[in-house]
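All values below come from the heavy atoms of this structure, side chains included, with hydrogens, waters and symmetry mates left out.
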Amino acid sequence: MKTIDEMLHLALLTPDEHQQISRWIAQADSPDEILRMPTLLWRAVERASAVMGIDDDLMRPPALDADGLVCG
């Protein structure tokens, strides 16, 4: 929900989209139910995710020097 809230704050979702998406997520009993969100709402989330670079973050390999430690 934090990401959805941030999308609203950045004006990447309309208040109505945010409300509908939040409602859908809150009533979902499983990740599979979330995946059945209506297409228009998914498109809104996908657009906002693209602007925020969320997919890029998920595809980036983990840093091997986290906390100044180098694994090797």
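- Side-chain contact between Asp5 and His9: absent, with no pair of heavy atoms (C-beta onward) separated by less than 4.5 Å.
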For this session: Report the C-alpha distance between Arg23 and Gln19 in whole Å, list the side-chain angles of each, state the deciding distance to 0.1 Å, and finish with yes or no for side chain to side chain donor-acceptor pair (under 3.5 Å).
Result: CA-CA 6 Å; Arg23 236 187 271 141; Gln19 183 180 41; 3.3 Å; yes
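- The distance from the CD1 atom of Ile54 to the OG1 atom of Thr3 is 5.5 Å, given to the nearest 0.5 Å.
- For Glu33, there are no side-chain hydrogen bond (donor to acceptor under 3.5 Å, both in side chains) partners, not counting sequence neighbours.
- Here the side chains of Met52 and Met7 are in contact, with some heavy-atom distance below 4.5 Å.
- With sequence neighbours left out, Arg47 forms a salt bridge (Lys or Arg N to Asp or Glu O under 4.0 Å) with Glu17.
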Got a list of side-chain donor-acceptor pairs under 3.5 Å for residues 36-44, not counting sequence neighbours?
residue: Trp42; atom: NE1; partner: Leu35; partner atom: O; Å: 3.2

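- Between Leu13 and Leu8, the shortest heavy-atom contact is O-CD1, 3.6 Å.
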